[in-house]
Visitor: 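Before I ask anything, here is the structure I am working with.
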Amino acid sequence: MSACTPTRHDDPHRKEHSHEPHSPPSPRPRGPRLTGADVSASIAVFLIALPLSLGIALATGAPLQAGLVAAAVGGVVVGRLGGAPLQVSGPAAGLTVVTAELIQRYGWRTTCAITVLAGLAQLGLGLLRVARTALAVSPAIVHGMLAGIGVTIAVAQLHIVLGGTPHSSVLLNLRDLPAQLAQVQTAALSVSALTLCLLLAWPRLPGRAGRLLRVVPAPLVAVTGATASAALLGFGLPKVDLPSWSSHALAGLPEGPALGLIAAVLTITLVCSVQSLLGAVAVDKMVAARPALSGRVRRADLDRELLGQGAANVVSGTLGGLPIAGVAVRSTANVNAGAVSRNSTTLHGVLVVIAALLMVPVLELIPLASLAALVMAVGIQMVSLHHIRTVTRHREVLVYAVTTVGVVFLGVLQGVALGIGMAVAVALHRLTRTRITHHEKEGVHHVHVRGQLTFLAVPRLSRTLHLVPQGVHAVVELDGSFMDHAAYESLQDWQSTQTAHGGTVELVGRRTGVRIGEPTGPAGLHPDGGTTAPDSSGCRCHPWTPWRNHQCAIPETGGPAQRNNAETTTAGAPEDTEHTEPSDLIAKLGALGTPGTPGAKVEAPAPPSSPRAPDATTPTANQLARGISAFQRNTAPLVRSELARLAREGQQPSQLFLTCADSRLVTSMITSSGPGDLFVVRNVGNLVPPPGEESGDDSVAAAIEYAVDVLRVRSITVCGHSGCGAMQALLAADQDTTQTPLRRWLRHGRPSVARMADGSRPAARLAGRAAADTVEQLCLTNVIQQLQHLRAHDAVSRALRAGELELHGMYFHVGEAQAYLLSEVHEGEVFDHVGVADLTA
């Protein structure tokens, strides 16, 4: 029977207990405990929420208790049930216009019923898990909606600030504004002006004392200061009037036309949901920006947040409160005050309940003009200049403007509908706005397609392509990021016809010389209808180079002449500039390109008096950080599991790859290798010092010994490349006997020079042709000579005798992107092509 009893090691999924043997079991995990940070944050949020809730209730025309009810319910219910722990919910300024319109049309009790129905609708949407869908609304529409609501609030509250009474319509408020300015009440204006001054000046108090005073929220200081001033000066202004809670109106049965009620419910649901979900995303960003919070606060669960908001609206509407949504001002204050859990939100709601029950005499001292000024400032802040700049930069200012104007003059739901329609129209306009031109230059016909190629542009594309005579050379420049199947087939059919009549077609990107496909045939088009045209920034980074090379900006170093030379090289006119007669060895190594080789990039060395160290103003100052950031964002998630496996198992490469330190030689690219495949050694000139001649530099010999004896690699490859600066320096050796580390290192390449000069040996060559010049000849010879040095190492010779190791020579032509492998044949050493046929072997 004991054999049937599983032991601990029989069950690999068994969890170990963290408590000591025979100790009582660990208690069940509970919610986060109330911390001092949450208490202080809840007090800060409460002090902001109290005056704002009263002000928003005043702006809507609802009973003032309704604002306190909504603030309390938003704190307690959403704080407990919501999915965004640090977002604070309550009566929001974005709902002011909608609620005011509903109260004017249906009355307060029906408005409460509409709030309950909107909450039920939110619960249904939360159960359907469609919260993410709300984020598909264009930010320009959301910002335009908030801006329109802000304008409406500001215009209405301005009448109260001036001592008058606002109308329900923006047009009426604007029409009566001149008359109101002519009848300004000095007392109301003075109290409002003091409120605004304190509200704006308090966050800007200087010095250490200012930092201490700014702990108290500015809205509380503004309202308190204005209230105290009005009391001291004896102003007879209308004040907050909180009737007895026993007479507080609760929700009733909705009364009114069914279609109007349905539209009202949809409007409240839309505005509350979108504002709350966008606020939750914004709070996540604020939390992520604070390392101390990012590990303690979970990301928002948007579906749960929608359920919490729905439950809160049901409760708030039932108890006679305003509609509830996530509030940006209070949420920001909560995060900035250091809250670490949802307890701060809940506690702030409890404090609102206590204030509503015990602080009624104090609240009734607040002048309505002060609350109106506070709400007017909130409305003005909703018209954000940052949002306007953002939508302008993304060319969506028309959507923003239409939404704003529609909300101001027609209403929230109508304005949002207009904004959505305008967003769709703008998207279709961008999709169909394709410019196709044709011109002939020096016998070559150029067709330039600018914009997206869809079926709507096929007729214009076909007409333009048929302007090109058959049998001629044509260049089609595609300047766009999308091509659908209809456009693909049209272009492919024309290309096939042109090729069949003896013509050639070259498909290029937006910059001359960036080829998308072969000059003939349909290779330039991808089966999915896309192209590889680069972006419009003029950047030299090609879409097929994930490392991006960071050549989008050339650092401005040296004098004007040097900067002009850098700009000329970047533009490619001419890009193969040759450095003329370098004066020393460093200059020879700086001339990395072989003279006359297209695409070689050469720069002169900076004089000792002007070191080329990038400062904070150069584009290269943060280049490494940007590259690392791009890796962490784009590549790290894809390779993390593989690197974790390599970290556990250790490195087990099969090849030692010894090559030059030249920046253009990307070993992983030319060998299609990944992490753990190659043990790479790079040095100037891909040199292998013979045993005993290292002169204090044993790094190459140590790497060889470690790779062969410890890692047990099965092959070693010595790879040279075209335009090697070390080989150029060896050929240009002068009579200067000054010993530098570079000169001492390059002496290991002198046997290669001697081997090339030995006429008794056959000259190394490439398959099908001899070396292009002396530099290329030395590059090829150097690979062969370094292989001979490699064989002299004890570890290598032992492995070769045992048949456990292979040696390979390789040459990579940078300008041609062509790899060659050394093959020993009877007529001499030949570097043969590595083509597609070799990859299938």
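Given the structure is predicted, the values throughout are model-derived calculations rather than measurements.
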Visitor: Testing the basics here: between Leu237 and Ala188, what is the closest heavy-atom pair and its distance to 0.1 Å?
Guide: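 Shortest heavy-atom contact: CD2-N, 3.7 Å.
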Visitor: Would you please name every residue forming a side-chain hydrogen bond (donor to acceptor under 3.5 Å, both in side chains) with Arg80, sequence neighbours left out?
Guide: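 For Arg80, the residues satisfying side-chain hydrogen bond (donor to acceptor under 3.5 Å, both in side chains) (neighbours in sequence not counted) are Asn343, Thr346.
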Visitor: A side-chain contact here means heavy atoms from C-beta on lying under 4.5 Å apart; do Pro257 and Tyr106 qualify?
Guide: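 Heavy-atom side-chain distance check passes, below 4.5 Å.
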Visitor: Treating Trp202 as the side-chain partner and Pro219 as the backbone partner, does any N or O pair qualify as donor plus acceptor under 3.5 Å?
Guide: no
Visitor: Compare all side-chain heavy atoms of His159 with those of Leu177 and state whether any distance is below 4.5 angstrom.
Guide: yes
Visitor: Does the Thr404 side chain pair with the main chain of Gly144, one donor and one acceptor, at a distance under 3.5 Å?
Guide: yes
Visitor: Could you walk me through whether Ser53 and Arg330 pass side-chain contact (heavy atoms from CB on, under 4.5 Å), step by step?
Guide: CA-CA 11 Å; Ser53 299; Arg330 278 165 260 185; 3.7 Å; yes
Visitor: Of the non-hydrogen atoms in Ala300 and Ala280, which two are nearest, and what is the gap between them?
Guide: CB-CB, 4.1 Å
Visitor: Within this structure, what is the CG-CG distance for the pair Leu199 and Leu194, rounded to the nearest 0.5 Å?
Guide: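 One gets 11.0 Å once the value is rounded to the nearest 0.5 Å.
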Visitor: Report, one line per pair, each donor and acceptor closer than 3.5 Å where one atom sits in a side chain of residues 408-428; sequence neighbours left out.
Guide:
none

Visitor: Can you tell me how far apart CG (Leu58) and CD (Gln157) are? Round to the nearest 0.5 Å.
Guide: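 Leu58 atom CG to Gln157 atom CD measures 6.0 Å (nearest 0.5 Å).
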Visitor: Which value, rounded to the nearest 0.5 Å, describes the distance between Ser273 atom OG and Leu278 atom CG?
Guide: 10.5 Å
Visitor: Do you know which two heavy atoms are closest between Ala156 and Pro166, and how far apart they sit?
Guide: O-CB, 3.3 Å
Visitor: Indicate yes or no for a side-chain donor-acceptor contact from Asp38 to the backbone of Ser341 under 3.5 Å, with no hydrogens or angles considered.
Guide: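 Yes; at least one donor-acceptor contact below 3.5 Å.
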Visitor: How long is the span from the CD atom in Gln87 to the CD atom in Gln309, to the nearest 0.5 Å?
Guide: 6.0 Å
Visitor: Kindly state each residue pair satisfying side-chain hydrogen bond (donor to acceptor under 3.5 Å, both in side chains) with at least one member in residues 310-322, sequence neighbours excluded.
Guide: Gln122-Asn313
Visitor: Are any of the side-chain heavy atoms of Val335 and Val283 separated by less than 4.5 Å?
Guide: yes
Visitor: Are any of the side-chain heavy atoms of Leu266 and Leu270 separated by less than 4.5 Å?
Guide: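 In short, these two side chains do not touch, never coming nearer than 4.5 Å.
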Visitor: Side chains of residues 366-383: which donor-acceptor pairs under 3.5 Å do they make with residues two or more places apart or in other chains?
Guide:
from: Ser370; atom 1: OG; to: Thr195; atom 2: OG1; distance (Å): 3.0

Visitor: Crowded around Leu233 CG? As in, over 12 foreign heavy atoms under 6.0 Å?
Guide: yes
Visitor: Would Val161 and Leu189 count as a side-chain contact (heavy atoms from CB on, under 4.5 Å) here? Give the steps.
Guide: CA-CA 6 Å; Val161 167; Leu189 183 59; 4.2 Å; yes
Visitor: Does the side chain of Glu305 pick up a donor-acceptor pair with the side chain of Ser276 at under 3.5 Å?
Guide: no
Visitor: Please find the pair of heavy atoms, one from Pro254 and one from Leu261, that lie closest to each other, and give the distance.
Guide: CB-CD1, 3.9 Å
Visitor: Judged by atom type as modelled, is there a donor-acceptor pair below 3.5 Å linking the side chain of Ser42 to the main-chain atoms of Val39?
Guide: yes
Visitor: Identify the two heavy atoms, one from Gly225 and one from Leu198, that lie closest to each other, and give their separation to 0.1 Å.
Guide: CA-CD1, 3.9 Å
Visitor: Can you see which heavy atom on Asp303 is nearest to which on Arg129, and at what distance?
Guide: OD1-CA, 3.0 Å
Visitor: For Glu364, does the CD atom have more than 12 heavy-atom neighbours from other residues, nucleotides or ligands under 6.0 Å away?
Guide: yes
Visitor: Any heavy-atom pair between the side chains of Leu322 and Ile56 that's under 4.5 Å?
Guide: yes
Visitor: For residues Leu50 and Leu68, determine if any side-chain heavy atom of one lies less than 4.5 Å from a side-chain heavy atom of the other.
Guide: yes
Visitor: One pair to check against side-chain contact (heavy atoms from CB on, under 4.5 Å): Leu319 and Val73. What are the steps and the verdict?
Guide: CA-CA 9 Å; Leu319 298 179; Val73 173; 4.3 Å; yes
Visitor: Any donor and acceptor pair, going by atom type alone, linking the side chain of Thr60 with main-chain N or O of Ala57 inside 3.5 Å?
Guide: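 Side chain of Thr60 to backbone of Ala57, a donor-acceptor pair under 3.5 Å: yes, one is there.
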Visitor: Are Val142 and His387 packed together at the side-chain level, in the sense that at least one heavy-atom pair is separated by less than 4.5 angstrom?
Guide: no
Visitor: When you compare the side chain of Leu123 with that of Leu307, does any pair of heavy atoms fall below 4.5 Å?
Guide: yes
Visitor: With rounding to the nearest 0.5 angstrom, report the OG1 to CD1 distance, Thr111 to Ile103.
Guide: 5.0 Å
Visitor: Please walk me through it: do Leu277 and Val281 pass side-chain contact (heavy atoms from CB on, under 4.5 Å)?
Guide: CA-CA 6 Å; Leu277 295 177; Val281 174; 5.8 Å; no
Visitor: Applying side-chain hydrogen bond (donor to acceptor under 3.5 Å, both in side chains), can you list everything that pairs with Asp176, at least two apart in sequence or on another chain?
Guide: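 In terms of side-chain hydrogen bond (donor to acceptor under 3.5 Å, both in side chains), with neighbours along the sequence ignored, Asp176 is linked to His167.
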Visitor: Which donor-acceptor pairs under 3.5 Å do side chains of residues 348-363 form with protein atoms, sequence neighbours excluded?
Guide:
from: His348; atom 1: ND1; to: Thr345; atom 2: O; distance (Å): 2.9

Visitor: Using a 6.0 Å cut-off, check whether atom CZ of Arg304 has over 12 heavy atoms from anything other than its own residue.
Guide: yes
Visitor: Once you round to the nearest 0.5 Å, how far does OG of Ser331 lie from CG of Asn334?
Guide: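 The distance works out to 7.0 Å.
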